[in-house]
Amino acid sequence: MSNRRDFMGIALGGFTALVGGIPALYAMKRTWDPLPSVKAAGFTNVDVSGAVENQLVVEKWRGKPIFVLKKSKDMKADDRDVVVGSDRFHVSIGLCTHLGCIPAYVSDEHKFKCACHGGEFDASGHETFGPPPSPLEVPPFKVDGTTIVLGEEGAEFKKMKEAGLTV
Amino acid sequence: MNKELKIFGVVAIFTLVLYWGVEPFAHSQMHKHVEGDNFAYSEFKASGKKGDAVNGKALVTGAAACTGCHGIKAINAPAPMDASMAGASYGVNPPDLSTAGALYDARFLAQLIKNPAHALKVEHKFDPAKGKMHPMTQFYGAGGDIDQEIADIVAFLKSIAPKEMSNKEAFENACGRCHANRYGKMSQLGETPKFKYKKDELKHQVAILEYQDKLKAYMGKLPPDLSIIIRARSEHFLETFIENPQSQLPGTSMPAVGLSHEGFEKVMAYLSETGDPSKPARGELGPLVLIFFIVFSGLAFLWKKEKWKGHH
Amino acid sequence: MAHFEKANSVGEWLDQRLAVNTLKRVLAFEYWIPKNINFLWAMGMVLAATFGLLLISGIFLLMYYQPNVETAFDSVNYTIMTEVGYGWLWRHIHGVGASVVFLIIYIHMFTGIYYGSYKRGRELIWLSGMGLFVAFSAEAFSGYMLPWGQMSYWAGMVITNLFSGGSLEAYGLVEWIRGDYVPGQAFLTRFFMLHVLLLPLVIIGLIVLHFGTLRIPHVNNQDGEDFDFEEAARLYKEGNIKESKVIPFQPVFLAKDIFVMGVYFILFFYLVFYHFEFAMDPVNFDPADGLKTPAHIYPEWYFLWSYEILRPFSKDLGLIAFAIAQVIFFALPFLDKSENVAPASRRGLFKFWFWAMLIDVLILTFMGKLPPQGIWNVIGLIAALAFFALWIALPIITKKEKKL
């Protein structure tokens with residue numbers, strides 16, 4: 001008799017946990033997920049036809065700052081440059097790869113400097129000093145005429161990603 | 001008892017060292033040290049000339065052509081353009097000059113008339129050599145002794161300045177054309193009126209936004225709302241920054257304002273009214289609460305003595 | 001069904017139904033506390049009182065606070081601070097209380113370490129206390145988000161980024177925690193929920209557990225003396241209060257607690273009225289702006305020591321060091337291999353360990369706020385390494401400790 005009661009108790013507990021508990025946890029996890037409207041935060045178009053050399057433009061994309069820097073001739077070309085027509089651009093997510101602060105661009109030195117923990121990046125977004133572990137990330141982009149579309153994975157971006165130049 | 005006091009001493013010392021390390025010491029290392037000039041503007045030399053207000057008025061409305069851009073309500077000279085149009089033409093609305101003599105330092109005013117970009121400390125932005133002129137044209141003189149003429153203009157501005165000015169007027173004149181103060185219901189277009197119809201309210205908001213767009217283009221970014229700047233920055237920072245913005249933020253596009261010490265105090269009083277209005281209430285209630293707990297502790301001590309009688 | 005007789009008084013009526021007399025006896029009048037204690041033993045009740053102040057002030061703030069990214073900042077700084085009657089008082093009590101409560105927690109913790117009050121059956125007291133420390137930390141952090149100022153936003157950004165796990169690059173987890181790519185509306189509302197409901201419930205539950213864990217092993221005393229509580233209680237009840245080693249919680253222990261509380265409240269309200277800047281950072285009076293990082297980002301003072309352990313190392317190593325630092329204090333009862341329950345001053349090398357640990361944590365706290373440059377980096381790195389060296393040394397020196 002007592003064995004049977006234990007068995008029913010375990011059956012009840014197991015049933016509740018497996019069939020009730022796990023789906024309930026799943027529902028709770030889903031409730032914490034970013035909303036579809038947030039995820040579909042859309043695309044940002046950046047027209048670079050009027051860009052000035054060595055002058056940083058900060059755009060906003062999915063709540064993140066995006067650096068767009070038109071490179072002058074004396075700046076080193078880089079595999080991660082975005083080529084629009086005959087011009088080279090450095091395009092990156094303007095968040096330090098250390099802990100996510102926004103570095104400031106020092107145009108005289110062609111450097112991005114982060115005020116938080118002293119990290120530095122060159123004009124191609126490569127880390128040159130301090131705690132940042134990796135280069136500034138390149139956001140998904142597509143070149144469309146003189147416009148850079150952020151959020152869409154164009155051929156150039158896919159190539160960069162395959163080459164492991166960005167995540 | 002002695003032992004308890006010793007333990008208390010150790011705890012107190014560690015607590016004070018901790019406080020010193022994370023507050024005064026850390027802040028002394030984090031912020032650069034800037035000495036103020038107490039709004040004396042001693043870098044600008046005084047010409048020593050005594051001004052004649054009557055001649056000054058003739059210059060302001062005539063040869064110097066101040067009224068070509070500035071309104072002077074005190075002598076019934078209206079501004080040539082309204083704020084939005086002036087903003088579109090100059091980047092920022094030129095101030096009405098009625099209160100300038102009361103708010104700004106005389107030496108600063110003289111320097112401003114002579115060389116605006118230099119007095120305002122915005123020469124990094126406005127360099128005639130690069131073809132970038134400050135919107136206020138400098139006064140080249142009306143043919144006579146230029147220092148005398150400038151002294152006359154300053155004397156005239158002083159003569160029309162109001163004897164009494166509210167803190168709010170001081171803020172509106174000195175800061176309000178660039179900075180809003182939403183807790184004081186002030187926008188760059190002055191005090192926001194109450195609207196009966198939503199349509200009028202929205203129209204006003206659009207006018208503000210349009211003015212702000214011009215301002216943004218002129219200053220590089222929208223100057224911050226100053227509602228609670230009094231709690232966001234230290235008094236010392238505000239004092240030295242207003243006196244000479246470059247000393248605290250090199251390269252900033254905020255001009256030196258030229259406030260006299262009295263004008264500065266009025267502006268600070270207004271910022272305190274909007275940003276820290278509970279200050280007087282704190283001052284009143286504080287001593288009462290502290291006295292309450294001192295009496296409470298005294299009674300508690302006597303109660304403790306009674307309860308512990310015979311325990312040792 | 002129980003048999004009820006007609007009650008002659010309200011007290012009797014309640015006693016029949018709730019056994020209030022038994023409760024009073026067990027929880028207060030015959031809850032025995034050692035007599036050989038000092039004012040540091042009052043910190044528990046001081047903490048309870050501070051938590052009470054936070055709860056009361058929080059309730060009134062909750063009446064006008066708006067958890068919306070557009071209006072949160074002004075609902076705090078304009079509505080509560082200028083319009084609501086005495087709103088400023090509640091906010092100052094809440095802000096100062098949140099900071100001071102950690103000072104008392106640290107004093108309480110180091111008192112426990114100094115007197116060895118985490119051993120010989122008292123392990124659960126320590127563990128539940130550490131649980132409270134973590135819960136209070138989470139409560140403080142979530143509350144810090146609510147005014148939605150610059151420090152709220154950037155602290156939220158930096159701390160949630162830690163969950164990406166360095167090279168693991170678990171950005172999905174970070175975005176899941178935030179409910180957005182960056183801290184936004186979903187982030188603010190969920191931290192609001194945590195701050196005003198879930199975490200307070202956890203804290204209250206842990207406080208009950210913490211009190212419960214004290215019952216069987218009893219409160220420690222200044223000499224770590226192990227004596228017979230029942231014998232001492234018998235002596236006391238017989239009237240030999242001078243000879244007895246215990247006192248009842250009520251009214252004798254409480255009488256001292258309340259005096260200490262009174263002195264503490266003088267300091268507390270002095271801070272509330274005249275010296276609140278340390279607890280209400282000026283940077284947080286600038287509204288949140290995701291496109292402008294403040295010149296210096298630092299956590300509130302009570303998180304600085306662990307933040308500094310994160311900083312001087314490379315990214316992954318820093319995260320690991322940080323994670324260990326968060327939980328290492330939980331392990332104290334198991335890393336201290338000595339049988340002795342005694343003040344650190346009588347415990348040979350442990351005495352030096354205690355003061356070295358205290359001073360090291362203090363140095364880490366200082367360095368955590370200073371800009372990460374030059375000599376500060378070096379001192380920070382040394383202090384962080386010393387922190388781990390001390391924990392490695394603990395089992396070794398305590399194993400060799402002579403039995404008292």
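So that the names make sense, note that chain A is the first sequence line, chain B the second, and so on, each numbered from 1. Computation of the quantities below employed the complete heavy-atom set of this structure, encompassing side-chain atoms and omitting hydrogens, waters and symmetry-equivalent molecules. Being a predicted model, the structure only gives us computed values, none of them experimental.
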Could you check B:H312 against C:K242 for side chain to side chain contact (heavy atoms under 4.5 Å, CB included), going step by step and ending with a plain yes or no? CA-CA 6 Å; B:H312 285 296; C:K242 198 167 175 183; 5.9 Å; no
Any salt bridge between C:D74 and B:R182, counting N to O under 4.0 Å? yes
Side-chain ion pair, C:K369 and B:E23, N-O less than 4.0 Å: yes
Steps toward side chain to side chain contact (heavy atoms under 4.5 Å, CB included) verdict (C:N38, B:F8): CA-CA 10 Å; C:N38 60 49; B:F8 180 75; over 6 Å; no
Answer with side chain, backbone, both or neither: which region of C:I266 has an atom nearer than 4.5 Å to a non-hydrogen atom of chain B? both
Any donor-acceptor pair under 3.5 Å from B:Q29 side chain to C:P371 backbone: no
Interchain contact, C:I241 with chain B, by part (heavy-atom threshold 4.5 Å): both
dist C:F73:CZ -> B:S227:OG (nearest 0.5 Å) comes out at 8.5 Å
Hey, is the main chain of B:M30 close enough, under 3.5 Å, to the side chain of C:H296 for a donor-acceptor pair? yes
Side chain, backbone, both or neither of B:K279 within contact of chain C (heavy atoms, under 4.5 Å): neither
Looking at C:Q150, C:M81, C:H92, which makes the most heavy-atom pairs under 4.5 Å with chain B? C:H92
Is C:L304 close to chain B through its backbone or its side chain, or both, or neither, when contacts mean heavy atoms under 4.5 Å? side chain
If I measure from the heavy atoms of chain C, does B:I291 come under 4.5 Å with its side chain, its backbone, both, or neither? neither
Salt bridge (charged side-chain N to carboxylate O under 4.0 Å, His left out) between B:R233 and C:D286, intermediate numbers included: CA-CA 9 Å; B:R233 303 286 184 281; C:D286 281 329; 2.8 Å; yes
Just give me the residue among C:A255, C:P287, C:S244 that pairs up with chain B most often, heavy atom to heavy atom, under 4.5 Å. C:A255
Portion of B:V22 that has a non-hydrogen atom of chain C nearer than 4.5 angstrom: both
Heavy-atom contact with chain B under 4.5 Å, split by part of C:Y86: side chain
We want to know whether B:Y183 and C:N77 form a side-chain donor-acceptor pair, criterion being a heavy-atom distance below 3.5 angstrom. no
How long is the gap from CZ on C:F269 to CG on B:L288, to the nearest 0.5 Å? 13.0 Å
Which atoms of C:Y274 come close to chain B, meaning under 4.5 Å heavy atom to heavy atom: side chain ones, backbone ones, both, or neither? side chain
Rounded distance [0.5 Å steps], OG1 in B:T274 versus OH in C:Y78: 10.0 Å
Inter-residue atom distance C:I258.CD1 - B:F301.CZ, 0.5 Å rounding: 15.0 Å
For the residue pair C:F278 and B:H27, is the inter-centroid distance of their aromatic rings smaller than 6.0 Å? no
Distance check, rounded to the nearest 0.5 Å: C:N284 atom CG versus B:I228 atom CD1? 9.0 Å
Select one option (side chain, backbone, both, neither) describing which atoms of B:Y19 are under 4.5 Å from chain C's heavy atoms. side chain
Side chain, backbone, both or neither: which part of B:P287 has a heavy atom under 4.5 Å from chain C? both
Are there over 12 heavy-atom neighbours, none belonging to C:E243, within less than 6.0 Å of that residue's CD? yes
Taking side-chain hydrogen bond (donor to acceptor under 3.5 Å, both in side chains) as the cut-off, I'd like each qualifying pair that reaches into residues 280-291 of chain B, sequence neighbours left out, listed once. B:D276-B:R282, B:S278-B:R282
Roughly how far, to the nearest 0.5 Å, is CZ of C:F39 from CG of B:L5? 9.0 Å
Indicate, with yes or no, if the rings of C:F265 and B:F296 have centres closer together than 6.0 Å. no
Decide if atom NZ of B:K32 counts as having more than 12 heavy atoms of other residues, nucleotides or ligands within a radius under 6.0 Å. yes
C:M280 portion near chain B, given a 4.5 angstrom heavy-atom threshold: side chain
Tell me, for B:V10 versus chain C, whether the close heavy atoms (under 4.5 Å) come from the side chain, the backbone, both or neither. side chain
What residue, out of C:G368, C:G262, C:P282, C:G87, has the most heavy-atom pairs lying under 4.5 Å from chain B? C:P282
Quick one: which of B:A281, B:S297, B:P224, B:G298 has the most heavy-atom pairs under 4.5 Å with chain C, could you say? B:S297
Do the rings of C:W355 and B:F14 sit parallel, tilted or perpendicular, given the 30° and 60° boundaries? parallel
Given heavy-atom pairs under 4.5 angstrom as the criterion, report whether the side chain, backbone, both or neither of C:Y236 touches chain B. side chain
Less than 4.5 Å to any heavy atom of chain B: does that hold for the side chain of C:Y298, its backbone, both, or neither? side chain
